[in-house]
Amino acid sequence: MVIDKTKMTSLAAATSQPEMAGRSLWADARRRFARNKAAVFGVFLLLFVACFALFGGFFAQWSNEELDFSVMGQVAQIGGPSLSNGHYFGTDDLGRDLFARTVQGTQISLAVGLVGAAIAVIVGTLWGATAGYFGGRIDNYMMRTVDILIAIPYMFVLILLLVMYGRSISMLFIGVGLISWLDMSRIVRGQTLTLKGREYIEAAKAIGVPAYTIIRRHILPNLLGVVAVYATLLVPLMILTESFISFLGLGVQEPLTSLGALISEGAGTMSYGTLWQIAFPLFFFVVTLFGFFFVGDGLRDALDPKDR
Amino acid sequence: MTTPLLDVKDLRVTFEIHRDGDLPWAAPRKLRAVNGVDFSLLAGKTLGIVGESGCGKSTLARALIRMLPATGQVNWQGETDLLQLTARQMLKYRADIQMIFQDPLASLNPRMTVGDIIAEPLRTHRPTMGGKERRARVKAAMERVGLLSNQVNRYPHEFSGGQCQRIGIARALIVEPKLLICDEPVSALDVSIQAQVINLLDDLRRDLGLTIVFIAHDLSVVKHISDEVMVLYLGKMMERAPSDELFAHPQHPYTQALLSAVPVPDPQIERGKVVIPLDGELPSPMNPPSGCVFRTRCPRAQALCAETVPEPTAGPHSYACHFPGAVTQEEIAAPV
Ligand code: SF4
């Protein structure tokens, strides 16, 4: 037979087949990420912290504001972690339940980190992509603005803001948000500049695709990898910033608390032998930071296979 | 005489280069990437543009579709000078002129499916078209260029270089352009794949009545597909002639040198072939040689060549050289 029948039927099958699903770069990255043990471990750490922050409150026997008068005054002796009186993590110096307070602190720290990263992603990406894509004078003005803002000692400004407008959680969000997008916009701009020289952008221009559509359809999706990696690494940085401010005593205000504030309190009472007061908040703090760093590193490796 | 589809007159592209370390007020240095090129192209014909890398052929292509600032005239169908249009007016003509790029994979957005990539010109130029019709057209275009239409949801990295170039061709053809500019469409491909892609372009040209500007750095590539061939060197036209004429009777020493480098399939001829070496480096386009730009590498160069710029001759076979003519005995005898 001249024509190989099996081959023809297989060809017929191939052409009549319904549309094949493609394997996108994202799917590839997901597989590489899943193979990265440290990254997966990081995901579990973050899941653990998130569950603790979201559902820990249901298990608490005490609210975060209640004072347990039975332990007050002798915290060092009977205020330690115990299951019998419901203080799983012990109590703080005033007899408040440390478990409830750690749950709340984790919530606030995560919120600060996530909000800061979200602002960075939205503002920084748009700013950097616009500056990088249009280039020339627009780029010059936009990036000089960023340079000037970066040159301002932000910690100083943040402290001033908190002192002037009172210590409130929204003020903290604003302060963290104001600084977080600057670096992001620089990174995004640099990446946009390299993307701009790619032939597919040139192809889109030759087709006549309008500039904003090029940014939306061609630049942003290709930036997403860098942005995702930087954002995951930014969350712990924001948490650190907030903790530092809280450690100085300028962060969130009682009865609210954050991990940084708890660590600060715990450090103050360490000398009385109440080590649990610093150990538990510190544990969640460290686990959160490690989780984000592992995931961020894993994302970077997964999204950029050429780098290895 | 019919009006040419594309009539280019005295096209120039000049880049102003500001070197690092120059004082900010120092006059920038001028790089004349395209330095006064004329040609015209009848509808349905193919013009091959050939030259070494750095001779300005890609710049020329980009200048035609206004992706670089250029001066001169680019008359479209004898009525519109594309260079005078505003960006908004130009949009209308972008559907008529499509381009194929050198690096097939790099010219496709890695995050988009093949279907979306091919549909992009339709989305841009026929925004009112419904999704169903668009999909049908994409599939038809894929089949036309020899791709399986059930692969529309795949991503570019799942295709080979030749297939990627077919995707690029499908994208260019989906809006039924009149002119197709191919910027070294096969240079990045394997030789066997090159032939397939060129044959595909040749078929499409015949079936769809396309007009093509085909850029290559190799004369052998354009020979097959071109009606007319233009040889560029340092942004200037060296020789232009109907394809057969150019290959049979090259007049310009540069064309002759390029031709001698083309491999001939017949070993008998290959052995006896005249090889004219192209010595020396391509001079920097920042300060091209005076007079004839080719004189630093020309075997026939004389004092006159350094003094006056040779003007292109009139007629269908045009060349810019003071001493044109067939290859002489001395040139063949000269040690290689
Ligand atoms: S003009 Fe002179 S230098 Fe130029 S190509 Fe002709 S012979 Fe050579």
Side-chain angles (χ1 to χ4, degrees), chain A residues 10-32 129 133-136 140 191-192 194-228 303-306, chain B residues 58 61-62 64-68 87-88 90-117 119-125 127 135 139 143 148-159 168 171-172 174-175 177 181 183 188:
Chain A
S10 88
L11 174 70
T15 40
S16 63
Q17 235 175 42
E19 289 160 14
M20 296 176 224
R23 203 160 36 82
S24 73
L25 293 183
W26 295 116
D28 276 355
R30 254 198 311 278
R31 268 191 305 121
R32 276 192 297 271
Y133 183 75
F134 289 107
N140 226 332
Q191 185 72 10
T192 308
T194 37
L195 286 181
K196 203 169 75 167
R198 297 275 162 86
E199 255 180 354
Y200 60 84
I201 303 287
E202 207 178 4
K205 279 191 203 159
I207 289 168
V209 183
Y212 274 103
T213 313
I214 292 186
I215 293 186
R216 189 167 45 81
R217 202 181 285 162
H218 297 282
I219 305 247
L220 288 185
N222 284 291
L223 283 174
L224 226 54
V226 179
V227 171
L303 290 170
D304 192 3
K306 280 163 279 158
Chain B
S58 290
R62 281 163 178 69
L64 290 180
I65 52 169
R66 291 273 307 272
M67 289 175 65
L68 291 170
R88 192 173 292 262
M90 181 69 197
L91 198 58
K92 195 169 104 215
Y93 295 91
R94 290 204 188 273
D96 286 339
I97 309 176
Q98 290 287 317
M99 189 155 169
I100 299 175
F101 293 85
Q102 177 170 7
D103 186 338
L105 187 57
S107 65
L108 309 175
N109 184 342
R111 307 259 175 219
M112 281 164 77
T113 61
V114 169
D116 285 339
I117 290 172
E120 184 156 46
L122 277 184
R123 277 174 198 276
T124 310
H125 294 290
R135 255 188 122 61
K139 291 193 167 183
E143 273 168 10
L148 291 177
S149 65
N150 56 10
Q151 297 184 327
V152 284
N153 290 329
R154 298 228 158 175
Y155 289 84
H157 67 116
E158 298 175 274
F159 291 87
R171 167 173 65 184
I174 196 148
V175 279
I181 298 177
D183 181 17

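Just so we're on the same page: letters track the sequence lines, and every chain starts at 1.
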Item to check | Aromatic ring proximity, centroids under 6.0 angstrom, Y133(A) and Y212(A) | outcome: no
Checklist entry - Side chain, backbone, both or neither: which part of S107(B) has a non-hydrogen atom closer than 4.5 Å to chain A? => result both
Item to check | Closest non-hydrogen atom pair between I201(A) and H218(A), with its separation | outcome: CD1-CB, 3.7 Å
Item to check | Interface moiety of L91(B) toward chain A, non-hydrogen atoms closer than 4.5 Å | outcome: side chain
Next on the checklist: Heavy-atom pairs under 4.5 Å with chain A: which of I97(B), T113(B), D103(B) has the most?
Outcome noted: D103(B)
Item to check | Any donor-acceptor pair under 3.5 Å from E120(B) side chain to I117(B) backbone | outcome: no
Checklist outcome for this item: Greatest number of non-hydrogen atom pairs under 4.5 angstrom with chain A, of R123(B), Q102(B), M67(B), falls to M67(B)
Checklist entry - Just by distance, do the side chain of E202(A) and the backbone of R198(A) share a donor-acceptor pair under 3.5 Å? => result no
Checklist entry - Quick one: of R94(B), R62(B), R111(B), who has the most non-hydrogen atom pairs under 4.5 Å with chain A? => result R111(B)
Item to check | Residue among M90(B), R66(B), M112(B) with most heavy-atom pairs under 4.5 Å to chain A | outcome: M112(B)
Item to check | Beyond-backbone contact of N109(B) with Y200(A), side-chain heavy atoms, under 4.5 angstrom | outcome: yes
